[in-house]
Amino acid sequence: MSLSETLDAPADEIAPAASKPLLSVNQLTRVYGSRIGCADVSFDLWPGEVLAIVGESGSGKTTLLNCISSRMTPTCGTVHYRMRDGASADIYKMAEAERRYLMRTDWGFVHQNPIDGLRMTVSAGANVGERLMAVGNRHYGNIRNTAIEWLSRVEIGEDRVDDQPRTFSGGMRQRLQIARNLVTEPRLVFMDEPTGGLDVSVQARLLDLLRGLVSDLGLAVVVVTHDLAVARLLSDRMIVMKEGRVIEAGLTDRVLDDPRAPYTQLLVSSILQV
Amino acid sequence: MNALTQDTSSQNLASYNFAYLDEQTKRMIRRAILKGIAIPGYQVPFASREMPMPYGWGTGGVQVTAAIIGRDDVLKVIDQGADDTTNAVSIRAFFAKTAGVVTTTATPDATIIQTRHRIPETPLTEGQVLVYQVPIPEPLRFLEPRETETRKMHALEEYGLMHVKLYEDIARNGHIATTYAYPVKVEGRYVMDPSPTPKFDNPKMHRSETLQLFGAGREKRIYAIPPHTEVVSLDFEDHPFEIQHFDQPCAMCGAEQVYLDEVVLDDKGGRMFVCSDTHYCESRRADGHCGALLGDEPGLGAEANTRKEAM
Ligand SMILES: [Zn+2]
């Protein structure tokens, strides 16, 4: 199977303004001693595109996500990101200050467990406003109003703006985490099992919300999930991983409707049995 | 501390080095102080030593004072604004015994002033040194407990969290309710905690003529504000920094624009407000000022004195 054939997005889907990839991952490898976390992964992500990385636990999808989001240094390989000025930057060659600035302005990261992505002891408003304050906003009234606006976009009422997230339900916490990430209008958001750990009905509502936000904001997303239904609903393309390697990649509908690798066929059939 | 009080024999005293600490330790502390002066507001780690008093008694400040004090220095020690609390008296006695220096309660007479909270009302001048005893030096600690992360935040000048704290204050109270340990930015670079000084005194740190040194014993940190350094209290455009205001003058000396303590007079709700800086209040009364409580009977307070402490 030729991966390059399926990894490049079809030319007719790409607007001229987005003719260069936003993120380019090249031969990314992470080993733990003699054990492989992920090996030789390459793909391009285009502006506004949603890519799902699917696989069972231990398949290397979380290692891969951490390596491309600069949360874990890869053993070898590169990750290039197209900055707002159009220049391509190797994220592991950036100064740390620049990389951290990028992470809290042009990127977002949604953790599976909202506790990992929220400050549980400050109000919802301060959680959403933190990034604004980090980039120098010094007007309390404006920060609070922007926070209220973003809370409403994730369906959290204005009356909860001063409440701490520990008084929120699981679904609300996850929506708050999403608002906290989106307030600086990032162009790229990483998500690690964003609906994991939620009740099925809550999951469906969150997926709907996410899908709407992604399309309204034109977000590029890399989402890690073991749930093929999440990949189906959210993503344009997907990568299937097994034992640290990409075994199949392509448009989501094609992979799910016509899986080519035997392992993908197994994955798809097991979801159909549910 | 008992071992160091009145009846200590001169033989015992001879076993102490000048100002208690050995010369090598003092040099180590002086290096940390010099580094702190070179990088205003930056917390310099140092190898804090055991002192013959518990943490919480100002062992950080005591070590800084011990490292800089000379035989000709005149030492004043205050706790809140008072020279006569147990803590202040003990530290003053400690240096009178171990360094044989002259001590004073008069702010203008002192060359070194060690303080736990207040900056004296009498403006400090060039040549004086103000030494703060600091319990918690890290201003980012309350929202970010990881030391590795707070160090990185200082290094990369990532101070958004400080405003998260102030935001939260306003969200809860309608205004910035932090009154002590109010965070400041030093010389446009490092965010620093002047803990546990009341914010009333923050403006006195700004472009002060006096060298200000901060010592945290338990946390093993020293930091400094050299003379004439810019010290700005953090705030929001629509919630600017303000100091506390008192709507009445000192009941004893009639002083205005000073920091007042509330004193309960009886169990019927009677109370009054008096200067927290006891020396300032006494010297005003000695000069003939009097407040509402004293009527026209000035000069009641004990006069400030500078003396060689009895060995
Ligand atoms: Zn007074």
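We use all heavy atoms of the structure for the numbers below, so side chains are in, but hydrogens, waters and symmetry mates are not. Below, chains carry the letters A, B, ... as their sequence lines are ordered, and counting in each starts from 1.
Environment of CD in A/E158: sparse, with no more than 12 heavy atoms of neighbouring residues, nucleotides or ligands closer than 6.0 Å. Atom CZ of A/R84 is surrounded by more than 12 heavy atoms from other residues, nucleotides or ligands within 6.0 Å. Within 6.0 Å of CD in B/E262 there are more than 12 heavy atoms belonging to other residues, nucleotides or ligands.
At a 4.5 Å heavy-atom cutoff, the contact between A/Q164 and chain B is made by side-chain atoms alone. In this structure, the portions of B/H163 lying under 4.5 Å from any heavy atom of chain A include both its backbone and its side chain. Neither the backbone nor the side chain of B/L166 comes within less than 4.5 Å of any heavy atom in chain A.
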> When you look at B/E149 and A/R100, which way does the salt bridge (Lys or Arg N to Asp or Glu O under 4.0 Å) test go after all the steps?
Replying inline: CA-CA 12 Å; B/E149 190 62 17; A/R100 283 169 67 108; 2.9 Å; yes

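Atom CD1 of B/I170 is separated from atom CG of A/D162 by 11.0 Å, given to the nearest 0.5 angstrom. The CD atom of B/E237 sits 6.0 Å away from atom NE2 of A/H139, with the distance rounded to the nearest 0.5 Å.
Evaluation of the ring-ring contact (aromatic ring centres under 6.0 Å, His included) test over residues 65-106 of chain A, restricted to residues two or more places apart or in two chains, returns A/Y81-A/W107.
The two residues B/L156 and A/A97 make their nearest non-hydrogen contact at CD2-CB, 3.7 Å.
Proximity to chain B among residues 167-189 of chain A is not found for any residue, judged by heavy-atom separations below 4.5 angstrom. Against chain B, the residues from residues 113-134 of chain A that qualify, each with a non-hydrogen atom under 4.5 angstrom away, are A/R119, A/T121, A/V122, A/S123, A/G125, A/A126, A/E130, A/M133, A/A134 in number order.
The aromatic rings of B/H239 and A/Y140 sit perpendicular to each other, their planes meeting at more than 60°, with 30° as the lower class boundary.
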Show me, pair by pair, the donor-acceptor contacts under 3.5 angstrom made by side chains of residues 33-43 of chain B, not counting sequence neighbours?
unit_1 : atom_1 : unit_2 : atom_2 : d
B/Q43  : NE2    : B/P137 : O      : 3.4
B/Q43  : NE2    : B/E138 : OE1    : 3.2

